[in-house]
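Structure, as structure tokens:
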There are 2 protein chains.
Amino acid sequence: MAALPEAKSPPAAAPKGRGRRDTRASGDDRERAILETAERLLEERPLAEISVDDLAKGAGISRPTFYFYFPSKDAVVLTIIDRLVADAAEGREEILTALAESGPRAGLRASLENLYAAFRSRPGVVRAGSDLRPTNGEARDLWSAVMEGWVADVTAVIEFERSRGAAPPGPPAREMAISLVQMNERAQYATLLGEEPSLDRDRVLDVLIEIWLRAIYGEVVSD
Amino acid sequence: MAALPEAKSPPAAAPKGRGRRDTRASGDDRERAILETAERLLEERPLAEISVDDLAKGAGISRPTFYFYFPSKDAVVLTIIDRLVADAAEGREEILTALAESGPRAGLRASLENLYAAFRSRPGVVRAGSDLRPTNGEARDLWSAVMEGWVADVTAVIEFERSRGAAPPGPPAREMAISLVQMNERAQYATLLGEEPSLDRDRVLDVLIEIWLRAIYGEVVSD
DNA sequence: GGACTGTATCAACACTGTGTCGAGAAGTTC
DNA sequence: GAACTTCTCGACACAGTGTTGATACAGTCC
């Protein structure tokens, strides 16, 4: 939970044109205030019902001043999502390692449990990211990259298990991986937001894991 | 494919306040023109980039006149989606019957192939529906109902296969069904819109079906 | 043929929200 | 204390939504 001083990261290095217009002086507080306001409001109501004015007011500044710190509402949300994604990646368990150490079921559970922990704590942000994807190319690209990372991991797992004879042949590993990762994305999202129909919070992982195991190993995996 | 005179359906019965403000005279053409314009534009660009004015102009009327026919842009899209969903449901194969007649793999394939045919022909409309869900409760409810229908079908299949000993026990059938249906929704959507990563159009069903079979039957189903 | 009624149409308006411009205040540096 | 950079906001221009009120244009009905 505590921040690990892991990799290169000068307090905040906005990738592109996001965040502030460069500089690095005092108004850091304002920038933080905007981000905090956004996070708070997003847990209250959907992105579409939050205006730039709300963010500005919440941060104690005027609307034009908001634009000094961020080029748009989307940019604020993207910054938040960047961080959430980084959080999720941070404590990441090597899935292959976990499998080897604890066996398929427990290993998978550990990896996924860990992965979704970050998202579970900020449903509003997750929803905002999802809401953004249709209209915002940058959001789409970011999520694509995240998915691609997971797919690559899972592909490796499937190929490894097949190569050592633990899993039977079948459709190309990458294709299976894509489908399974997509299932997880959709199911977790539905559960997180309480869609109807969706699985209960404490059941999702059990069910998803059971499907993964059967899909990957081609049999009912006992314990 | 051809329209079956199946259930109760007076030409078009707008459920709630959607569509025209009642009446049933001539301006039917205008209403149709609006719907056609919307369908056309949706295949060109996303919903967010289509204004009420675009729809009005496309139908050869002024913006205020548009509001005589529909209460909002969303209402137009919802009407279109209603019809698409009805189309998809129309030629619907009884999945249980298909399984019994052609066996698990071929039966599943026939059912799903048939189900997704309608969607595949109008990706723009599908995307619009998806874009609408975050902001529009009615769209959410409509899609919930559709999903619920599929889940119920699949639950019945799984329970039947278990009861006759063809499928092993496992997580509650409904929970499996929800996850599998969610996987299909997500995967088909990603493929339809060419997301990255996603499966190729001609591979998606093969892979999904393989996962379904392994998940339901707990083994690699031969043929 | 004139009064009555419901359908259909649109110019003009009121409103909400976005993003920009330009004039300055406030702080730092030499 | 002049010059520079950072920061702030009132006032504007714009795009889009949804509403109002006047008006035309049928058809009846008597």
Side-chain angles (χ1 to χ4, degrees), chain A residues 11-12 14 16-35 37-38 41-42 45-79 128 131-132 134-139, chain B residues 14 16-35 37-38 41-42 45-79 128 131-132 134-139:
Chain A
K16 277 186 183 165
R18 225 137 75 216
R20 195 122 49 96
R21 295 181 188 154
D22 114 300
T23 165
R24 191 56 41 187
S26 90
D28 257 353
D29 318 350
R30 297 296 163 81
E31 188 170 333
R32 207 171 324 119
I34 292 171
L35 290 168
T37 304
L41 293 184
L42 280 176
R45 52 181 197 267
L47 180 59
E49 286 165 32
I50 298 172
S51 70
V52 170
D53 209 46
D54 294 333
L55 297 181
K57 286 238 173 63
I61 56 178
S62 72
R63 209 164 53 79
T65 299
F66 166 93
Y67 286 103
F68 179 80
Y69 292 99
F70 291 94
S72 69
K73 190 173 70 175
D74 285 10
V76 176
V77 177
L78 280 168
T79 302
D131 290 358
L132 218 50
T135 49
N136 185 299
E138 213 173 333
Chain B
K16 278 185 180 168
R18 222 135 77 216
R20 195 122 50 96
R21 298 183 188 155
D22 112 302
T23 167
R24 191 59 39 188
S26 91
D28 258 352
D29 319 351
R30 296 296 162 81
E31 189 170 331
R32 207 171 324 119
I34 292 172
L35 290 168
T37 303
L41 293 183
L42 280 176
R45 52 182 196 268
L47 180 59
E49 286 164 32
I50 298 172
S51 69
V52 169
D53 210 46
D54 294 333
L55 297 182
K57 286 239 173 60
I61 55 179
S62 72
R63 210 163 53 77
T65 300
F66 167 93
Y67 287 104
F68 180 80
Y69 293 98
F70 291 94
S72 69
K73 190 173 71 175
D74 285 11
V76 176
V77 177
L78 280 167
T79 301
D131 290 357
L132 218 50
T135 49
N136 186 300
E138 213 173 333

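Naming: A, B, ... by sequence-line order, numbering from 1 per chain.
At whole-Å resolution of the value, OH in B/Tyr67 and P in D/dG16 are 12 Å apart. Between the CD atom of A/Glu31 and the P atom of D/dT6 there is a distance of 14 Å, given to the nearest Å. Nucleotide D/dG18 holds its C1' atom 13 Å from the NZ atom of B/Lys73, rounded to whole Å. We find that CZ of B/Arg32 is positioned 17 Å from C1' of C/dA8, with the value rounded to whole Å. We find that CZ of A/Phe70 is positioned 14 Å from P of C/dG19, with the value rounded to whole Å. We find that CG of B/Leu55 is positioned 12 Å from P of D/dG16, with the value rounded to whole Å. When rounded to the nearest whole Å, the span between CZ of A/Phe66 and P of C/dT20 equals 12 Å. Separating the CG atom of B/Asp29 from the C1' atom of C/dT9 is a distance of 15 Å, rounded to the nearest angstrom.
Residues from residues 56-65 of chain A placing a heavy atom under 4.0 Å of any atom in DNA chain D, listed by number, are A/Ile61, A/Ser62, A/Pro64, A/Thr65. The stretch residues 45-54 of chain A touches DNA chain C through A/Ser51, A/Val52, each having a heavy atom under 4.0 angstrom from the strand.
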Let's go through A/Phe70 and A/Thr79 carefully: what are the C-alpha distance in whole Å and the side-chain angles of both, what is the deciding distance for side-chain contact (heavy atoms from CB on, under 4.5 Å) to 0.1 Å, and is it a yes or a no? CA-CA 10 Å; A/Phe70 291 94; A/Thr79 302; 3.8 Å; yes
Please step through side-chain contact (heavy atoms from CB on, under 4.5 Å) for the pair A/Phe68 and A/Ile61, ending with a clear verdict. CA-CA 11 Å; A/Phe68 179 80; A/Ile61 56 178; over 6 Å; no
B/Asn136 and B/Leu78: side-chain contact (heavy atoms from CB on, under 4.5 Å), yes or no, with the steps? CA-CA 10 Å; B/Asn136 186 300; B/Leu78 280 167; 3.9 Å; yes
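With contacts defined as side-chain heavy-atom distances shorter than 4.5 Å, the pair B/Arg30/B/Phe66 does not qualify. In this structure the side chain of A/Arg45 reaches within 4.5 angstrom of the side chain of A/Asp54, judged on heavy atoms. Annotation: side chain of A/Arg32 is in contact with side chain of A/Asp29 (closest heavy-atom distance under 4.5 Å). Counting heavy atoms from C-beta on, the side chains of B/Tyr67 and B/Val52 come closer than 4.5 Å.
At distances below 3.5 Å, at least one donor-acceptor pair connects side-chain atoms of B/Lys73 with backbone N or O atoms of B/Ile50.
Atom CG of B/Leu47 is separated from atom CD of B/Glu49 by 10.0 Å, given to the nearest 0.5 angstrom.
Close to D/dT8, at under 4.0 Å from its OP1 or OP2, lies a side-chain N or O of A/Tyr69.
Side chain of B/Phe68, nearest nucleotide from D/dC7, C/dT7, C/dT20: C/dT7.
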